[in-house]
Amino acid sequence: MSLLKRIGADTTATSPLDKKKGASTSTTESRPSSGRQEVSYRDIKDRVQEKLLETTDGNLKGNDSQNRRQIEEIFNAVLDSEQIVLGRSERAQMIQSIVNDMLGFGPIEVLLSNPDISEIMVNGPKQIYIEQKGRLTLTDVQFHDDEHVLRIIERIVAPLGRRIDESSPMVDARLPDGSRVNAVIRPISLVGPVITIRKFKEETLTIKDLVRFGSISDQMADFLDACVRSRLNIVVSGGTGSGKTTLLNVLSNFIPEGERLITVENAAELQLVQEHVVRLESRPPNVEGKGEISIRDLVINCLRMRPERIIVGECRGGETLDMLQAMNTGHDGSMTTVHANTPKDAVTRIETMCMMAGMDLPQRAIREQIVSAVNLFVQQSRLTDGSRKATAITEVQGMEGDVPLLQDIFVFEQTGLNEKGRIVGNLRPTGARPRFLERFERENIYLPPNIFG
């Protein structure tokens with residue numbers, strides 16, 4: 001029996017199956033012309049979804065193109081049975097919206113497909129912001145209601161084995177393309193379901209891209225290349241959304257082939273180009289609150305996996321102490337990121353996170369671990385105009401009494417604003433020469449003599 005014969009001509013009100021099977025509803029309600037009555041956009045979508053559930057039992061088993069054709073057949077049958085006349089563009093727009101709701105991520109699908117948008121922030125069903133070229137903008141895209149947003153969240157987290165409900169109202173996940181997702185629902189969110197998506201760029205950025213964007217200078221790029229190849233331990237510090245993970249990914253591209261690399265992340269984002277890479281990802285607890293695999297567990301375990309370099313996506317707790325010990329015990333060239341506003345703040349934050357490991361260590365012992373393990377801090381900042389720059393490259397030179405001694409090698413110096421409100425400045429060397437230059441010479445790495453000013 002053909003699909004259209006099974007559909008029939010009955011297009012009455014929305015079935016309870018919509019909610020039971022997880023069918024979505026639209027955001028915009030327009031009123032196309034009808035031969036017998038005015039039928040809303042949402043009514044048409046509800047009826048298409050109802051018929052789709054009846055004919056497929058809620059399971060679309062074909063590929064995307066086959067499923068789309070199936071949805072279009074049902075859509076055309078509903079319009080014919082209701083004698084609804086739509087223009088070509090209006091029909092195409094409505095079909096695409098229905099396909100997005102049934103196969104994709106609903107109203108935000110169009111935002112996800114826009115390569116110029118870097119972040120999407122859903123603050124309840126009626127307020128969706130985007131970040132584009134460093135600027136926040138309110139869009140006219142909307143969900144229909146809280147239930148509509150919840151269905152999209154479920155579609156994101158279900159394939160990953162994650163859950164979100166009143167007993168567990170927060171979840172971290174990622175989209176198939178690697179974009180990072182955080183979702184928060186009631187009762188802890190008072191504005192309704194909130195989704196924050198940090199999009200993952202399909203094209204991996206290179207050091208040349210960062211130089212072209214003005215994020216770093218040519219001299220800084222050459223210096224960082226030499227630091228990675230000579231196996232210095234590097235910590236990328238910066239605030240939220242400053243580009244730490246992007247810079248860490250770029251730095252990892254300098255690692256020579258032939259080394260065994262192990263990455264540890266909460267949500268797998270790093271895209272290493274080397275062949276010998278083992279990727280580990282943490283796991284949240286299950287419904288019973290068991291089975292959690294933390295970043296610290298993974299860092300401890302990866303020490304038994306014969307790594308030559310360990311790359312941790314972000315240190316935010318007790319795993320920081322284990323990371324420092326790894327850097328101090330034969331895993332030179334390891335890298336990680338921390339949240340901090342300056343390299344000096346990064347040292348303090350690392351010290352605090354080491355205390356979170358539960359080890360009763362004196363403050364001086366922790367500082368000596370930091371100074372011994374970390375060779376270089378690279379400070380990444382998101383400036384007021386939305387641009388992202390490496391604002392400092394700082395060497396850890398040792399201890400001066402009980403205080404770690406830091407020395408800036410390169411800094412960003414702001415000189416003003418241009419007529420478009422963009423920050424103008426220089427990425428320049430400070431004139432200080434790092435103490436680890438002999439390591440470059442041992443690796444036959446030679447930099448231009450004037451690179452440090």
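On a predicted model such as this, the values are computed, not experimentally measured, just so you know.
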Expected output: side-chain Thr329 to main-chain Gln325 donor-acceptor under 3.5 Å
yes
In Å and rounded to the nearest 0.5 Å, what is the CD to CG distance from Gln132 to Leu111?
9.5 Å
CZ (Phe105) and CZ (Arg155) are apart, to the nearest 0.5 Å, by 8.0 Å
Is there a donor-acceptor pair closer than 3.5 Å between any side-chain N or O of Lys389 and the backbone N or O of Ser381?
no
Is there a donor-acceptor pair closer than 3.5 Å between any side-chain N or O of Thr320 and the backbone N or O of Met353?
no
N/O donor-acceptor pairs under 3.5 Å from side chains in residues 439-453, not counting sequence neighbours:
| from | atom 1 | to | atom 2 | distance (Å) |
| --- | --- | --- | --- | --- |
| Arg439 | NH2 | Ser230 | O | 3.3 |
| Arg439 | NH2 | Arg231 | O | 3.0 |

Looking only at heavy atoms, the pair that brings Asn266 and Glu281 closest together is O-CG, 3.3 Å
May I ask you to check whether over 12 heavy atoms, not counting those of Glu438, lie within 6.0 Å of atom CD?
yes
Solution key, residues 217-226 side-chain donor-acceptor pairs under 3.5 Å, sequence neighbours excluded:
| from | atom 1 | to | atom 2 | distance (Å) |
| --- | --- | --- | --- | --- |
| Ser217 | OG | Met220 | N | 3.2 |
| Asp225 | OD1 | Arg229 | NE | 3.0 |

Evaluate Arg283 against Glu292 for salt bridge (Lys or Arg N to Asp or Glu O under 4.0 Å), listing each step before the verdict.
CA-CA 5 Å; Arg283 187 179 72 184; Glu292 179 182 11; over 6 Å; no
Heavy atoms only: give me the nearest Met327-Thr336 pair and the separation to one decimal.
CE-CG2, 4.5 Å
Excluding sequence neighbours, so at least two apart, what forms ring-ring contact (aromatic ring centres under 6.0 Å, His included) with Phe377?
none
Look at Asp146 together with Arg186 and state whether they make a salt bridge at an N to O cut-off of under 4.0 Å.
yes
Any idea which heavy atoms bring Val273 and Glu257 closest together, and the distance?
O-OE2, 3.9 Å
If you round to the nearest 0.5 Å, how far is CG of Asn426 from CZ of Phe410?
13.5 Å
Between Asn233 and Ser334, is there a donor-acceptor pair closer than 3.5 Å when you use the side chain of the first and the backbone of the second?
yes
Pairs of donor and acceptor atoms involving the side chains of residues 396-404, under 3.5 Å and at least two apart or interchain, shall be tabulated with distances.
| from | atom 1 | to | atom 2 | distance (Å) |
| --- | --- | --- | --- | --- |
| Gln397 | NE2 | Glu395 | OE1 | 3.2 |
| Asp402 | OD1 | Arg364 | NH1 | 2.3 |

Contacts of Lys199 that satisfy side chain to side chain contact (heavy atoms under 4.5 Å, CB included) - sequence neighbours left out
Leu112, Ile117, Ile120, Ser179, Ile197
Side chain proximity check, Ser237 to Thr337, heavy atoms < 4.5 angstrom:
no
Give, for atom CD1 of Ile262 and atom CG of Leu298, the distance between the pair rounded to the nearest 0.5 Å.
10.5 Å
Can you confirm whether the side chains of Thr391 and Gln379 place a donor and an acceptor under 3.5 Å from each other?
no
Please tell me if the side chains of Ile128 and Met121 come closer than 4.5 Å, counting only heavy atoms from C-beta onward.
no
Are the side chain of Asn418 and the backbone N or O of Gly421 linked by a donor-acceptor pair below 3.5 Å?
yes
Between Ser387 and Arg422, the two heavy atoms sitting closest are CB-NH2, 4.2 Å
Check whether any side-chain N or O of Asp145 sits under 3.5 Å from a backbone N or O of Glu147 as a donor-acceptor pair, and report yes or no.
yes
How would you list, by chain and number, every residue that makes a salt bridge (Lys or Arg N to Asp or Glu O under 4.0 Å) with Asp332, sequence neighbours excluded?
none
Any donor and acceptor pair, going by atom type alone, linking the side chain of Glu265 with main-chain N or O of Leu270 inside 3.5 Å?
yes
Residues in side-chain hydrogen bond (donor to acceptor under 3.5 Å, both in side chains) with Thr348, at least two apart?
none
Check the pair Val250 / Leu210 against side-chain contact (heavy atoms from CB on, under 4.5 Å), numbers first and verdict last.
CA-CA 9 Å; Val250 169; Leu210 297 188; 3.9 Å; yes
Report the residues that fulfil side chain to side chain contact (heavy atoms under 4.5 Å, CB included) with Asp165, sequence neighbours left out, ordered by chain and then residue number.
Arg163, Ser167, Ser168
Once ring pair (Phe, Tyr, Trp, His ring centres under 6.0 Å) is applied, what residue pairs with a partner in residues 289-339 remain, sequence neighbours excluded?
none
Calculate, to the nearest 0.5 Å, the distance between atoms CG and CD1 belonging to Leu361 and Ile366 respectively.
5.0 Å
Are the side chains of Ile234 and Cys227 in touch, meaning some heavy atoms are under 4.5 Å apart?
yes
Side chain to side chain contact (heavy atoms under 4.5 Å, CB included) partners for Ser242, two or more places apart
Lys244, Gln380, Arg382
Could you tell me whether the side chain of Leu321 reaches within less than 4.5 Å of the side chain of Met359, counting heavy atoms only?
yes
Check whether any side-chain heavy atom of Val122 sits under 4.5 Å from a side-chain heavy atom of Val194, and report yes or no.
no
Could you work out, with salt bridge (Lys or Arg N to Asp or Glu O under 4.0 Å) as the rule, every residue matching Arg306, not counting sequence neighbours?
Glu308
Any side-chain to backbone donor/acceptor pair from Asn123 onto Gln127? Under 3.5 Å, distance only.
no
Could I get the full list of side-chain hydrogen bond (donor to acceptor under 3.5 Å, both in side chains) partners for Thr206, not counting sequence neighbours?
Asp209
Decide yes or no on salt bridge (Lys or Arg N to Asp or Glu O under 4.0 Å) for Arg309 and Glu259, but give the supporting numbers first.
CA-CA 8 Å; Arg309 300 191 197 222; Glu259 297 187 26; 2.7 Å; yes
A quick test of your reading: do over 12 heavy atoms of other residues, nucleotides or ligands sit less than 6.0 Å from CE of Met305?
yes
Would you mind reporting whether Gln414 and Val424 have side-chain heavy atoms less than 4.5 Å apart?
no
Is the backbone of Ser294 close enough, under 3.5 Å, to the side chain of Asp297 for a donor and an acceptor to pair up by distance?
yes
So do Asn182 and Val184 actually touch side chain to side chain, heavy atoms under 4.5 Å?
yes
How long is the gap from CZ on Arg198 to CZ on Arg174, to the nearest 0.5 Å?
16.0 Å
